[in-house]
Amino acid sequence: MASIIKEPDLVVALDIGSTYSGYAWQTRNDFRNNRSNVQFNTNWDSGAQQLHKTTSCVLLEGDYDSQNIYERERTNKNKSFDDFKRIANNYKLVGFGHYAERKYGNILRKNEIEKIIGKWLFFKRFKHLLYCDCDIKSTNLLLANEPESAAVYCMFLPQGKGNNTETLEFTGQTFLVADLGGLTADLSALEVLQNGDLREVVTTSGDVIGGQNINDCFFQVCQESFRGDGWRKIFTSMKPVEMLKMENDFESKKIVIGTGNPEDEYIPLDVPAAVTEKLKSREITLRERAEKEHCFSFKDMEFCFESDYVKKILFGETCARIYKTIQCQLKKKELQVCNILVLVGGFSQSPIVRTYITERASKDFPAVKVISPTSPFQAVLKGAVIFGHDPLIFRSRISRWTFGIEVNVPFDEKVHNPEKKFKNTQTNEFYCKDIFSKHVQIGESITLNAKRKTFTYSTLYEYQTSMMIAVYKSEYTDPKYVTDRGCVNIGNIKVLLPKRRPIRNINVSMTYGGTELAVIAKDCETGEECKADIEFRTMENKLESKTLQVSGSDEETCTTM
């Protein structure tokens, strides 16, 4: 298998979240002596609400040429991700996180927005853009599932170190982990095996719902609470620095609502200068029902909310959707024996969220205990570090897709579509193209590193020096052709054939290792593993395949995600 399966001297975990990001690390010696001894970066400069993380935002600066490129592309309404990537490649990184926010704010204070367009690019909540392309080098990089990482952390969590938590190390115990972030709620259902390893019990689905929905709802209520469209016009003309300040103010205060502390039950927010001026001159006014129905008021140059309103209106729908997602999973027959629900992720730190889920789960599933680590964000990072040291802790996984490769086979008129027929010009034989050769079936539970069925494929032409293997996924169980509905090409594997022979027979098999689905190619005559490289079409394809890895004769050439 790939080099990362070996014992690394150092493991670094990166958690790029929708709202916040951070990283942690651990040496191999520390892992051996004390797995919980994981180091965190706490030097995020001023502005961090928690020392171990910073905001997920980045500031880029461009030179004269890059500004010209940006200006030419700015009005192009049909820009693709590749266009954005090409533009960004002409910029240099200035800062990340709170420093980037503060630097950008200072730039805005000194300049009008028109003067900095094209020179400075500021991105916030860009996590999902990372799914669109692989500009990330894959050598020695392992993708860890966040809910699973948190589960690993909880398994090694000493008793009494969490909020009403217990360890998950009991053999046979089944539990569900819910990772609640800024944009998504991701779930993972696992069972603890005899040797302390983990087995995925059932495929789980999450939802695009999280803490950012509260922010969106807040600004929507702000617009609905004023007469006319004056508020909307003001917001579109506000300086970005004012928007940043207002949203950050709300972000920091929403997470403490519901603690029971009277000081946190009344929420004041600073009003942007542009809004204050319009309110003073009465160019915009609050609707009469705003204070009565929304508990929303404007006093002493501040917007004021009562926490009861925030709980019921702003948090209500989001909490309900998150719980419905969890409820749907707990109702599955495979999870009838589940007795623990673990809440992790930044949004799970909200007392409102935890209370809402706990109260409803105790009513609908009395046998299920809801627990959460003291620091949900640290739980994911610590667990990811442990997983990096021991990726084989997950003994089996359930495939989300049917995986296979595209092959050509001798044409059979009774079986094959005539439109797929073609002639081999060297042998004058007829073949059928686009055949889906299935290796892994959707819903199949796959044991890590277990020996799987080997398929033999032959080169189509004499003295080929390489073989291109197109890898496909399908949402159906038994696709016949790679062109069938539901089939998608996720990447291509290039197998090098160094010894020139008329026709080469190659054994190809797929096996899981860590989070990877490995494709192994061997020469039938010599038994030698062939050097192979894989290129995925998108980062999302990597994640969906958990991810795909090619194993060759030289470990340094293996592509490992």
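Hydrogens, waters and symmetry mates are skipped; everything else that's a heavy atom, side chains included, is used. These numbers were taken from a predicted model, which means no experiment stands behind them.
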Exercise. Does K53 make a cation-pi contact with Y20, if we ask for NZ or CZ under 6.0 Å from the ring centre and within 45° of the axis?
Worked result: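 Pair K53/Y20 counts as cation-pi.
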For this session: Decide side-chain contact (heavy atoms from CB on, under 4.5 Å) for R400 and T204; before the verdict, give the C-alpha distance in whole Å, the side-chain angles of both, and the deciding distance to 0.1 Å.
Result: CA-CA 9 Å; R400 271 67 173 167; T204 54; 4.3 Å; yes
For this session: Quick one: do H416 and I435 satisfy side-chain contact (heavy atoms from CB on, under 4.5 Å)? Show the steps, please.
Result: CA-CA 9 Å; H416 298 136; I435 294 293; 4.1 Å; yes
[Y] backbone acceptor or donor facing [X] side chain under 3.5 Å:
| X | Y | value |
| --- | --- | --- |
| S348 | G345 | yes |
| Q336 | K331 | yes |
| N489 | V471 | yes |
| R354 | I352 | no |
| Q329 | L176 | no |
| T402 | I442 | yes |
| Q26 | R35 | yes |
| T54 | H98 | yes |
| T325 | R321 | yes |
| T174 | V337 | no |

Problem set entry | Parallel, tilted or perpendicular: rings of Y323 and Y356 (30°, 60°) | perpendicular
For this session: Check the angle between the aromatic planes of H389 and F31 and answer parallel, tilted or perpendicular using the 30° and 60° thresholds.
Result: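 Because their plane-to-plane angle is under 30°, the rings of H389 and F31 count as parallel.
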So, taking the atom named [atom1] in [X] and the one named [atom2] in [Y], what distance separates them when rounded to the nearest 0.5 Å?
| X | Y | atom1 | atom2 | result |
| --- | --- | --- | --- | --- |
| K473 | I490 | NZ | CD1 | 7.0 Å |
| D30 | R32 | CG | CZ | 10.5 Å |
| D9 | T27 | CG | OG1 | 9.0 Å |
| L14 | S21 | CG | OG | 9.0 Å |
| I371 | L341 | CD1 | CG | 8.5 Å |
| I322 | T318 | CD1 | OG1 | 6.5 Å |

May I ask you to test the [X]-[Y] pair for a side-chain heavy-atom distance under 4.5 Å?
| X | Y | value |
| --- | --- | --- |
| F315 | S350 | yes |
| Q441 | D478 | yes |
| V495 | M468 | no |
| K369 | N339 | no |
| D179 | L187 | no |
| Q173 | I340 | yes |
| F250 | L314 | yes |
| V192 | L198 | yes |

Closest approach of [X] and [Y], non-hydrogen atoms and distance?
| X | Y | value |
| --- | --- | --- |
| I398 | V201 | CD1-O, 3.3 Å |
| K382 | V38 | CG-CB, 3.9 Å |
| C530 | K522 | SG-C, 4.2 Å |
| S399 | T203 | O-CG2, 4.3 Å |
| P8 | V11 | CG-CG2, 3.5 Å |
| V370 | A361 | CG2-CB, 3.9 Å |

Exercise. Sequence neighbours excluded, which residues qualify as side chain to side chain contact (heavy atoms under 4.5 Å, CB included) partners of S437?
Worked result: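 For S437, the residues satisfying side chain to side chain contact (heavy atoms under 4.5 Å, CB included) (neighbours in sequence not counted) are I405, V407, H439, F455, Y457.
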Exercise. With E475, which residues qualify under side chain to side chain contact (heavy atoms under 4.5 Å, CB included), at least two apart?
Worked result: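 Partners of E475 under the side chain to side chain contact (heavy atoms under 4.5 Å, CB included) test: W401.
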Problem set entry | Residue pair T184 / D186, side-chain donor-acceptor N/O under 3.5 Å | yes
Any salt bridge linking [X] with [Y]? Criterion: basic side-chain nitrogen under 4.0 Å from a carboxylate oxygen.
| X | Y | value |
| --- | --- | --- |
| D434 | K420 | yes |
| E444 | K438 | no |
| E148 | R397 | yes |

Problem set entry | Step-by-step side-chain contact (heavy atoms from CB on, under 4.5 Å) determination, Y23 to D15 | CA-CA 6 Å; Y23 66 92; D15 187 351; over 6 Å; no
For this session: Taking the six-membered ring for Trp and the full ring for Phe, Tyr or His, determine whether the centres of F394 and F387 are under 6.0 Å apart.
Result: yes
For this session: Tell me whether the centres of the aromatic rings in F436 and Y481 are closer together than 6.0 Å.
Result: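 Not close enough - the centres of the two rings lie 6.0 Å or further apart.
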Exercise. Crowded around Q39 CD? As in, over 12 foreign heavy atoms under 6.0 Å?
Worked result: yes
Problem set entry | Stepwise side-chain contact (heavy atoms from CB on, under 4.5 Å) test for V353 and L180 | CA-CA 9 Å; V353 175; L180 311 181; 3.8 Å; yes
